[in-house]
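Here the structure comes first, spelled out in structure tokens, and everything after it is commentary.
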Amino acid sequence: MESNARAVLHNPTTLIVTDQGSTYFMRRGQRLQRYALINGQEEYGLHLRDYQSDSLRALIAHGLIRKVQFPVNDPASQRREIVTLLTGVSHALLMRMLANQAERALARSAVARDWNRAHPARTVGSAQLNLLARSSSPAQQDQRGRLAAVLSTRVRTMLRSEGSGRAPDAETTALVERLLQHLPETLWFLLVQSSSSPRGRELFDQTAELVARAVQQATIGDYLGLVWLELLTHLQTTQQPGANATMHLLIHLTGLEPDASAAGRPTTRMHIAASAGGGTMGLLQADLAATAAGSGPGTSFEQFWQQASVSSSHLGLYYLGFLEDACRRTGVSFRSFAQSGAEQGQLIMSLGFEGGS
Amino acid sequence: MELKDRRMETGAIVLTVAGEMDLYNANDFKKAVDRLMAAATTGLVIDLQELGYIDSSGIGALLYTFTRSKSAGTPICFANVHGSVRRVIELTSLLGFLPIADSVESAAERVQA
């Protein structure tokens, strides 16, 4: 649902910044404040309302935002906003995953090995090479433009052959172009430098495969929006009469910045939780910790949905099945679970995704 | 959601669905389909031109319509499936499964064929 890119989100959204984001906003004179999140924590960030989905996507894709909290008063009237938000965040994470994967592919490539041997003072991953890549000449920029066009054509050809011969539509083409823009500068620089060599062509092919897979992963965002609409609607039906009607969606993103503890191999994760009802948010905090540790005290979504006394409970699984399938097909690992709180009808549902390995 | 039905000269009945189809009104759609299926002499066309949103309950209602038409022996065709509704039907792999036509007229021709 790439066409939602320019949709405006009106609901006030809390964005928690990364370290890089903190520097970025402070340099631009943007004042950061502490905001209370539904997991009981207070963190520094900013508040947005009446903003374009594109803007949020760019902030996330550039690693500036690591949490998004979005209030949901009425899922029915906020349908488009919820779907727009979730598909936008998914696409942003996708771009980040692609950038990380492309960097690793470059680092492992013969092109990088040859370059490092010839330029020991400007090796792949060094600040010197990053600076060089960003200050390319007009002639190099022209070459890059031509190479980008060829890469775009290659990716679309790959998608066409995997899509039973159907040409990618305009939305898919726009997504390909957007993904190409998020490839690392050093990758483009070295692709241009090595474009006429067999090793350069090998790196080119690898990059095309990564971008094509990222396009296929984009449907995850579409299914995510549909699944969460169903879940939020269900959450609303579990609300106790007289309870605070506002639910909250908390999206927690990790792996957007290089994780030194993982030996430089960042794993991009997105964890989405929604909470309804009052009471302590300790369950949500435990939920996030459990997901990070790879375990969870709750039941799987499938078990939860089958146990839930919703008249259309069998349909609740409908989109979830597609979501799981989309993740499996495109190499994104996926975990889901739901947990009910004992106090005041609190209910937490979460979905965790991991990619970029 | 608003439901309006009319009979074409060919005898096919066109059910126009306007608004949004979701958990709260999908059953109304199913009841309308049951009623019209009995009255249709040549077939039933479901016009989705004015349908702006559909959730999984609505998808279920469309599937119900399709299976109901098979058991009743009354041909059915969906017309003017576009926008986010078409996208959802595409995402759920139903685009090649449900009978869909670009217009009410071509849908009417299909149910009479």
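Chain A is the first sequence line, chain B the second, and so forth, proteins listed ahead of strands; every chain is numbered from 1.
- The neighbour count for D102(B) CG, taken as heavy atoms of other residues, nucleotides or ligands under 6.0 Å away, does not exceed 12.
- Within the 4.5 Å cutoff, the side chain of Y53(B) has heavy atoms near those of the L229(A) side chain.
- Looking at Y319(A) and L91(B), their side chains never come closer than 4.5 Å, going by heavy atoms from C-beta outward.
- Atoms CD and CG, on E90(B) and D222(A) in that order, are 9.0 Å from each other to the nearest 0.5 Å.
- The two atoms that bring S84(B) and R80(A) nearest to each other are OG-NH1, 4.1 Å, heavy atoms only.
- Using a 4.0 Å cut-off between charged nitrogen and carboxylate oxygen, D22(B) and R79(A) count as a salt-bridge pair.
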